[in-house]
Amino acid sequence: MVLPLGMSLETLRKSSGTFETAVGLPPEVYSDAEFHRFEMDAVFGSEWLCVGRQEQIPTVGDYLSVTRAGEPLIVARSSDGSIRVMSAVCQHRAMCLTASVDRSDEDMLDPPDLQSGSGRMFRCPYHYWVYDLDGQLVGAPEMSKTTGFDMADVQLPSLPVEIWNGFIFTNFDSAAAPLAPRLAKLDEVLANYHVESLVTVDPVTIPDVPFNWKIMVENFMEMYHQSRLHHGIHDFAPSSGASYADYAAGDGAMFGYSETLEPDGGFNPTMQALFPPLPGITMQDRQRIVFALVAPSLLMGFQSDSAFWFYVDPTGPTTHALSMAYIFPESTVELPDFGETLEEAIAGVSTFNRQDMPTNVATQLGMQSRFAPRGRYSWQEGVLAQFNSWLVDRYAAAAGE
């Protein structure tokens, strides 16, 4: 591949490094269709992408239907208890196996409704080809007269799988290097949170969020805006308490800390945690929030009583699908008032979203302006230079430079 839009690596490298010298990425990378196609191959075609958490599919036959970088996938607990990730595309005529065909007049032309659930096989609703939990074709009606056809030759394409702290990752590159060794720094920071034992609530997915996926990542990770955009509601964790871990080429994650003025702060009108503290965390952990990105698009926040995770999946140059969920200790989920308190927590976060989302939509508009800058960074958004460095290394590798 070559760099699109006549860009040079020298131009892109100006966005790498640290906040002291870096400038923003070229505005075109937030809206140009040609660059989006390049980025889907350069980044999402060869990096580990989160497809859910293992507790979402606890028993044999449980499966999730997800789309990543435009590819419909099945994440299944297979017959031997392991987790498999397979293409959801039937190898007959390319129907999506998990797509619902039971639609009303009002929604029959909407994007496919991909169903998750549980079962012992996947049957294509179009022509009833049947695949087992390992992706092997085991049934194909009326194919006996087709010369040379053998069901044993037909298998759903399978992707590599890696589990990290309960999160399931896959990769479109079958030769990709393992992810976990690149997350060692983050593992040390999260050791007290016992993330692998936390359980997720059902994620909520918002389709076609109207701004580029990188704008979402940038807004989530930088802490410069906390005391400005969120003045008043974020005062429990001011921007002055921001810090970021060092980043080196080869790292798979970027992360930082937002110090709180008192222990057990929370993203709600009370500015206090609503659930019991996580077992095993220290007083230092209780007085800060950890924000982390497992690049390119798994975003996580760790606070004293819970954690939350976002997944950002590009759907076009200026759109993405955004999935969001909390994760908790089992003991918290079992509390009698858990459901009611969770609703309070979600309502509290909505207060922040009502400021973040319009800001991101307006930033997308600004990035498409003829006057869009490649601005300089504050130390309170130093993680953006790190994210740029990670991206530019992938752009350069894809271009063979």
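- Counting only distance, with no hydrogens or angles, the side chain of D41 and the backbone of F38 share no donor-acceptor pair below 3.5 Å.
- Side-chain contact between R84 and L133 is absent, with no heavy atoms from C-beta onward closer than 4.5 Å.
- Q386 contributes no side-chain N or O that, together with a main-chain N or O of A248, makes up a donor-acceptor pair within less than 3.5 Å.
- Between F122 and Y131, the distance from one ring center to the other does not fall under 6.0 angstrom.
- Taking all atoms of both residues into account, the shortest heavy-atom contact from V312 to M216 is CG2-CG, 3.8 Å.
- Looking at every heavy atom in both residues, Q56 comes nearest to P203 through NE2-CD, 3.5 Å.
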Derivation and outcome, side chain to side chain contact (heavy atoms under 4.5 Å, CB included), residues L3 and L12: CA-CA 10 Å; L3 290 170; L12 288 168; 3.8 Å; yes
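- For the 3.5 Å distance criterion, the side chains of T359 and D356 fail to qualify, holding no donor opposite an acceptor.
- Atom CG of residue L335 and atom CZ of residue F328 lie 10.0 Å apart, to the nearest 0.5 angstrom.
- Using the six-membered ring where Trp is involved, W164 and F167 have ring planes that are parallel, under 30° apart on the 30 and 60° scheme.
- Among H225, E222, Q226, R228, the single residue meeting the side chain to side chain donor-acceptor pair (under 3.5 Å) criterion with Q380 is R228.
- Under a 3.5 Å cut-off, the side chain of S116 and the backbone N or O of S65 do form a donor-acceptor pair.
- Within a 6.0 Å radius of CG in D110, other residues, nucleotides and ligands contribute more than 12 heavy atoms.
- From D173, atom CG reaches atom OG of S46 across 6.5 Å, with rounding to the nearest 0.5 Å.
- In terms of heavy-atom proximity, G280 sits nearest to N192 at O-CB, 3.6 Å.
- Checked against a 6.0 Å centroid threshold, the rings of F35 and Y395 count as neighbours.
- The backbone N or O of L198 sits less than 3.5 Å from a side-chain atom of R53, completing a donor-acceptor pair.
- Residue pairs satisfying the side-chain hydrogen bond (donor to acceptor under 3.5 Å, both in side chains) criterion with at least one member in residues 5-28, sequence neighbours excluded, are listed as follows: S8-T11, R13-D393, S15-R374, T18-E20.
- For the pair R68 and Y311, the cation sits on the ring face: its NZ or CZ lies under 6.0 Å from the ring centre, inside 45° of the axis.
- Q303 places no side-chain N or O within 3.5 Å of a backbone atom of G266 that could act as its donor or acceptor partner.
- In this structure, the side chains of M324 and L299 stay at 4.5 Å or more apart for every pair of heavy atoms.
- Residue M357 holds its CE atom at 7.5 Å from CG of N219, rounded to the nearest 0.5 Å.
- Closest approach of P296 and W213 over heavy atoms only: O-CZ3, 3.2 Å.
- Of all the heavy atoms in M121 and V130, the pair that sits closest is SD-CG1, 3.4 Å.
- Between the side chains of Q155 and S158, no donor N or O sits under 3.5 Å from an acceptor N or O.
- Enclosure of atom CG in D107 by more than 12 non-hydrogen atoms of other residues, nucleotides or ligands within 6.0 angstrom is indicated.
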Residues V361, L365; criterion side chain to side chain contact (heavy atoms under 4.5 Å, CB included); working and verdict: CA-CA 7 Å; V361 172; L365 177 63; over 6 Å; no
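- In this structure the side chain of I83 reaches within 4.5 angstrom of the side chain of I57, judged on heavy atoms.
- Between W129 and M143, some side-chain heavy-atom pair lies under the 4.5 Å cut-off.
- Between the side chain of D32 and the main chain of E34, a donor-acceptor pair closer than 3.5 Å is present.
- Counting only N and O atoms by type, the side chains of S79 and D134 include a donor and acceptor under 3.5 Å apart.
- Remark: D113 does not engage R103 in a salt bridge, criterion side-chain N to carboxylate O under 4.0 Å.
- Two residues are said to be in side-chain contact when any heavy atoms from C-beta on lie closer than 4.5 Å; L159 and M86 fail this criterion.
- E330 places no side-chain N or O within 3.5 Å of a backbone atom of S197 that could act as its donor or acceptor partner.
- A 4.5 Å side-chain heavy-atom check between F308 and I327 finds every atom pair outside the cut-off.
- Considering all non-hydrogen atoms of both residues, V89 and L156 come closest at O-CD2, 3.5 Å.
- Defined by atom type and a distance below 3.5 Å, a donor-acceptor pair is missing between the side-chain atoms of H320 and D208.
- A centroid separation of 6.0 Å or more is found between the aromatic rings of W309 and F302.
- The main-chain N or O of A177 is found under 3.5 Å from a side-chain atom of W48 such that the two form a donor-acceptor pair.
- S239 places a side-chain N or O within donor-acceptor distance of the main-chain N or O of S227, the cut-off being under 3.5 Å.
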Criterion side chain to side chain contact (heavy atoms under 4.5 Å, CB included) on F169 and I163, from CA distance to verdict: CA-CA 6 Å; F169 288 84; I163 311 295; over 6 Å; no
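- Here D264 pairs with R286 in a salt bridge; the nearest charged N to carboxylate O distance falls below 4.0 Å.
- With no hydrogens or angles considered, a side-chain donor-acceptor pair links T270 and N268 at under 3.5 Å.
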Criterion side chain to side chain contact (heavy atoms under 4.5 Å, CB included) on Y257 and V189, from CA distance to verdict: CA-CA 10 Å; Y257 311 96; V189 172; 3.2 Å; yes
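- Between F236 and F267, the distance from one ring center to the other falls under 6.0 angstrom.
- Around the CD atom of E262, the shell of radius 6.0 Å holds no more than 12 heavy atoms that belong to other residues, nucleotides or ligands.
- Checking T282 against D285 by side-chain atom types alone, a donor-acceptor pair falls below 3.5 Å.
- In this structure, CG on L179 lies 11.5 Å from OG1 on T170, to the nearest 0.5 angstrom.
- Counting only N and O atoms by type, the side chains of Y377 and N388 include a donor and acceptor under 3.5 Å apart.
- In terms of modelled atom types and a separation under 3.5 Å, the side chain of Q355 and the main chain of F352 share no donor-acceptor contact.
- Side-chain contact between F44 and P314 is present, with heavy atoms from C-beta onward closer than 4.5 Å.
- Remark: D337 CG is packed, more than 12 non-hydrogen atoms of other residues, nucleotides or ligands lying under 6.0 Å away.
- A 6.0 Å sphere centred on OH of Y128 holds no more than 12 heavy atoms belonging to other residues, nucleotides or ligands.
- Rounding to the nearest 0.5 angstrom, the gap separating the CG atom in L293 from the CE atom in M300 is 8.0 Å.
- The distance between the ring centers of F338 and F275 falls below 6.0 angstrom.
- By the neighbour-count criterion of 12 heavy atoms within 6.0 Å, atom NE2 of H127 is densely surrounded, having more than that number from other residues, nucleotides or ligands.
- Here CD of E218 is found 6.5 Å from CZ of F387. Values are rounded to the nearest 0.5 Å.
- In this structure, R394 does not pair ionically with E39, as no charged nitrogen and carboxylate oxygen lie closer than 4.0 Å.
- For the pair S389 and Y247, the minimum side-chain heavy-atom distance is below 4.5 Å.
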